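Reviewing the structure listed below.
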Amino acid sequence: MEEGNFDSDVLPTEERYHLGISTYRSTYEKSLSSPEEFWREASSILDWNRPWEKLLDDSNPPFYRWFTGGKLNVSYNAVDRHVRSSRRNKAAYIWVAENGDEKIVTYDGLYRRVNNLANAMKNLGISKGDRILIYLPMIIEAPVAMLAAARIGAVFSFVFAGFGSAALADRIEDSKARMVITADGGFRNGKIVELKKTVDEAVERTSSVRNVIVVRHTGHEIPFDDGRDVWYHEVVPNSMNFVEPEVMDSNDPLFILYTSGTTGKPKGVVHSTGGYSVWVANTMKWAFNPDENDRWWCAADIGWITGHSYIVFAPLILGLTSILYEGSIVYPAPDRLWEIVERYRVNILYTSPTAIRTLMRFGEKYPAMHDLSTLSVLGSVGEPINPAAWKWYYQKIGGGKCPIVDTYWQTETGGFVIAPALGLGLPPLKPGSATFPMPGIDPVILDENGKEVPSGQKGYIAYRKPWPGMFMTLNNDPERFKETYFSRFPGMYYCGDYAVRDSEGYYWLLGRADEVLKVSGHRLGTVEIEDALISFDGVVEAAVFGKPDPVKGESIVAFIVVRPELHSDTEGVAKIRLHVRENLGPIYVPDEVHIVASLPKTRSGKIMRRVVKAVALGDMPGDISTLESSASVDEIRAAIEEFKKQDV
Ligand code: PRX
């Protein structure tokens with residue numbers, strides 16, 4: 001991240017976006033000073049079966065409960081009410097396959113699909129409160145499965161279809177899922193990704209799953225267990241089977257989404273029905289100000305929070321048309337993304353800094369091949385966007401006329417917490433700053449001791465107040481919820497990021513302050529990767545850290561200690577990498593694996609990851625007075641020297 005001078009570089013944006021920052025300011029102030037009135041209006045974005053009685057129940061902090069007494073169903077809000085309106089025949093999704101196939105699903109078509117799957121799930125014994133797991137590629141059945149679960153009150157956990165079998169098994173185990181909805185496979189870079197096979201391996205290690213519903217997508221041969229597996233097309237007919245939406249409490253959980261933290265065990269972030277839905281729909285409106293007929297493309301994967309909130313729930317609640325793309329944005333050619341923008345006349349494009357930097361590397365020639373003039377707003381998410389990428393996106397893609405909406409948020413926050421509020425009066429933008437907090441968000445930047453730092457100084461970003469989209473708890477682990485997020489700065493929510501607030505009040509997010517990596521925008525835990533490495537027979541110890549990378553943000557570097565037999569195995573490192581790939585998934589595979597005889601440790605035997613990283617990156621290792629022996633430090637230096645020689 002180029003930190004630079006935080007006050008400079010204000011870029012002009014088009015006149016029509018200057019609704020006047022004063023609208024934003026008054027809305028923001030009202031959200032904090034008159035929350036009751038503010039949220040009464042904002043929550044009317046949904047249809048409620050019964051209106052809520054109390055805005056916020058904070059009697060048991062940090063377990064905040066929003067809109068208590070309120071009853072609603074999210075699938076009704078996302079689908080049924082549009083079917084009863086003039087949006088009935090409007091496209092909800094334009095699905096685009098990697099090979100160029102397309103399918104348009106209207107709100108009416110979505111309604112039929114959701115009802116039919118909900119009916120099939122019920123017939124297979126799933127009912128309100130049960131947990132189901134979804135492991136699907138970017139196909140229509142993915143949002144359909146999420147909505148069908150929400151319709152019958154089942155809590156779903158969607159696992160990104162790039163996860164390996166051990167990661168999937170952990171999530172099945174923790175969520176106690178009774179059903180898995182998957183596909184035979186998915187497509188990526190012209191190849192088939194095995195999904196059913198991975199599900200079989202994961203389900204074998206667990207005991208809760210009774211049925212697996214399988215979508216036939218790739219059509220390749222897969223193993224089938226007749227007692228457990230059912231084909232989607234056999235249980236989901238084309239005719240219409242209406243299922244009455246279950247009336248849910250505002251604080252019934254909607255889904256559990258697993259994310260990485262500082263320990264090896266992923267955290268099951270639980271989101272609510274009412275608060276979450278109110279939050280995502282409003283934040284999308286505030287930040288992006290979409291038009292009824294805009295075509296919205298959030299180019300994330302549905303398996304991450306970005307996809308949950310802004311491919312599925314927010315755009316559907318608002319009745320918009322989304323592009324749903326299955327495949328790589330640079331396959332079969334580096335202009336794939338631009339070609340889709342042109343062909344489908346996308347108006348708002350929302351992607352990650354890594355994607356922007358990847359496309360930027362291919363050069364201007366590729367976007368120049370396409371008519372991108374339909375674009376009116378560009379969004380960014382997942383990691384800090386460096387000013388160079390911001391400017392390229394702004395100038396070369398948006399032609400200097402599209403505001404860049406850099407949205408800062410987390411799995412835990414449900415939706416945007418800091419982002420330019422285009423719908424409330426866009427401030428002048430500064431490349432690399434996510435600008436100002438969303439209404440209802442009260443951030444503060446603190447030092448080590450919890451004291452607020454002056455503007456311009458880097459610190460930890462925390463939040464003084466809860467907001468409706470904030471997660472409710474961690475599945476099976478309320479103690480960890482309290483400990484991880486609310487103990488570092490008592491009374492405040494803290495989740496691991498550095499930030500600076502400049503003298504004009506703009507926020508600049510500066511990356512993680514903990515042991516969590518951001519690799520191509522994916523949130524990965526160093527300890528998770530270390531655990532996967534040492535689960536390979538022959539690897540004794542491991543230390544993993546992130547190395548700055550010009551495209552991916554960070555790359556994964558591992559230093560490992562192995563038993564002698566692995567030393568002599570020339571395929572050893574390849575086998576270890578494959579092991580990580582199969583267990584956790586390809587995004588977790590270290591870019592560099594260095595074998596050393598020992599790792600720096602404290603006298604009590606704890607591996608000093610901080611020292612490994614500093615030495616490997618050629619930085620000062622800091623205080624190493626507790627180091628047990630310095631030989632390991634020399635070894636790391638030698639391994640890096642050797643690597644550099646091979647690399648040239
Ligand atoms: O470090 C921040 C970074 O991504 C983390 C959250 O990751 P995850 O829960 O996977 O959610 C990603 C999608 C919202 C944060 O703690 N992050 C996310 N968006 C930004 C960001 N860092 C800087 N600028 C952003 N716009």
Side-chain angles (χ1 to χ4, degrees), residues 1-3 158-160 162-163 256-262 266-269 271 276 279-280 283-284 287-288 298-311 313-314 350-357 378-387 389-390 393 404-420 429-438 441 443 458 460-463 469-471 474 484-485 493-501 506-525 528 546 552-554 587-588:
M1 177 82 201
E2 302 142 53
E3 294 181 21
F158 199 120
V159 177
F160 169 58
F163 274 108
I256 304 169
L257 180 55
Y258 289 88
T259 190
S260 297
T262 52
K267 304 185 283 195
V269 169
H271 276 291
Y276 169 83
W279 187 251
V280 295
T283 49
M284 182 166 180
F288 284 98
C298 168
D301 195 284
I302 286 189
W304 307 113
I305 191 70
T306 308
H308 281 54
S309 299
Y310 300 106
I311 299 178
F313 294 107
Y350 183 40
T351 187
S352 68
T354 291
I356 298 162
R357 291 188 294 256
L378 298 171
S380 173
V381 59
E383 47 182 322
I385 178 163
N386 50 309
W390 195 104
Y393 200 28
I404 306 288
V405 177
D406 175 11
T407 61
Y408 165 71
W409 56 300
Q410 304 171 312
T411 304
E412 293 87 341
T413 69
F416 314 144
V417 285
I418 300 184
L429 300 173
K430 300 187 187 188
S433 165
T435 73
F436 299 109
M438 290 276 105
I441 298 294
K458 176 172 171 176
Y460 303 96
I461 185 161
Y463 302 84
M470 184 168 144
F471 64 140
L474 290 179
T484 312
Y485 302 100
Y493 164 73
Y494 168 69
C495 177
D497 281 311
Y498 284 126
V500 168
R501 188 170 176 269
Y506 284 70
Y507 286 84
W508 301 75
L509 283 307
L510 304 176
R512 300 288 310 187
D514 56 10
E515 302 288 295
V516 169
L517 308 181
K518 270 276 157 174
V519 179
S520 300
H522 299 310
R523 174 169 163 184
L524 317 174
E528 266 175 296
K552 300 197 293 186
E554 282 185 298
I587 57 176
Y588 286 85

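Since the model is a prediction, treat every value here as computed from it, not as a measurement. These numbers come from the heavy atoms of this one structure, side chains and all, not from hydrogens, waters or symmetry mates. Remember, it's 1-based here, ligands and their atoms both numbered in the order they're listed.
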How close do [X] and [Y] get, heavy atom to heavy atom, and via which atoms?
X	Y	result
W390	G432	CD1-N, 3.3 Å
C298	T306	SG-CG2, 3.7 Å
W279	F416	CZ2-O, 3.2 Å

Quick check for students: name every N or O atom pair between ligand 1 and the protein closer than 3.5 Å, with distances.
from: ligand 1; atom 1: 1 (O); to: D497; atom 2: OD1; distance (Å): 2.6
from: ligand 1; atom 1: 1 (O); to: D497; atom 2: OD2; distance (Å): 3.4
from: ligand 1; atom 1: 4 (O); to: G382; atom 2: O; distance (Å): 3.3
from: ligand 1; atom 1: 4 (O); to: K518; atom 2: NZ; distance (Å): 2.9
from: ligand 1; atom 1: 7 (O); to: K518; atom 2: NZ; distance (Å): 2.8
from: ligand 1; atom 1: 9 (O); to: T411; atom 2: N; distance (Å): 2.8
from: ligand 1; atom 1: 9 (O); to: T411; atom 2: OG1; distance (Å): 2.6
from: ligand 1; atom 1: 9 (O); to: R523; atom 2: NH1; distance (Å): 2.6
from: ligand 1; atom 1: 10 (O); to: K518; atom 2: NZ; distance (Å): 3.4
from: ligand 1; atom 1: 16 (O); to: Q410; atom 2: NE2; distance (Å): 2.9
from: ligand 1; atom 1: 16 (O); to: D497; atom 2: OD1; distance (Å): 3.4
from: ligand 1; atom 1: 16 (O); to: D497; atom 2: OD2; distance (Å): 2.4
from: ligand 1; atom 1: 16 (O); to: R512; atom 2: NH1; distance (Å): 2.7
from: ligand 1; atom 1: 17 (N); to: G382; atom 2: O; distance (Å): 3.4
from: ligand 1; atom 1: 19 (N); to: G382; atom 2: N; distance (Å): 3.1
from: ligand 1; atom 1: 22 (N); to: P384; atom 2: N; distance (Å): 3.4
from: ligand 1; atom 1: 24 (N); to: E383; atom 2: O; distance (Å): 3.3
from: ligand 1; atom 1: 26 (N); to: D406; atom 2: OD1; distance (Å): 2.7
from: ligand 1; atom 1: 26 (N); to: T407; atom 2: O; distance (Å): 2.7

May I ask you to decide if the ring planes of Y485 and F471 are parallel, tilted or perpendicular, using 30° and 60° as cut-offs?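 Ring orientation, 0 to 90° scale: perpendicular.
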Compute the centroid of each ring, for Y506 and then for F436, and state whether the two points are separated by less than 6.0 Å. yes
For the pair K518 (side chain) and G382 (backbone), establish whether a donor and an acceptor sit closer than 3.5 Å, ignoring hydrogens and angles.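 Here the side-chain-to-backbone pair exists.
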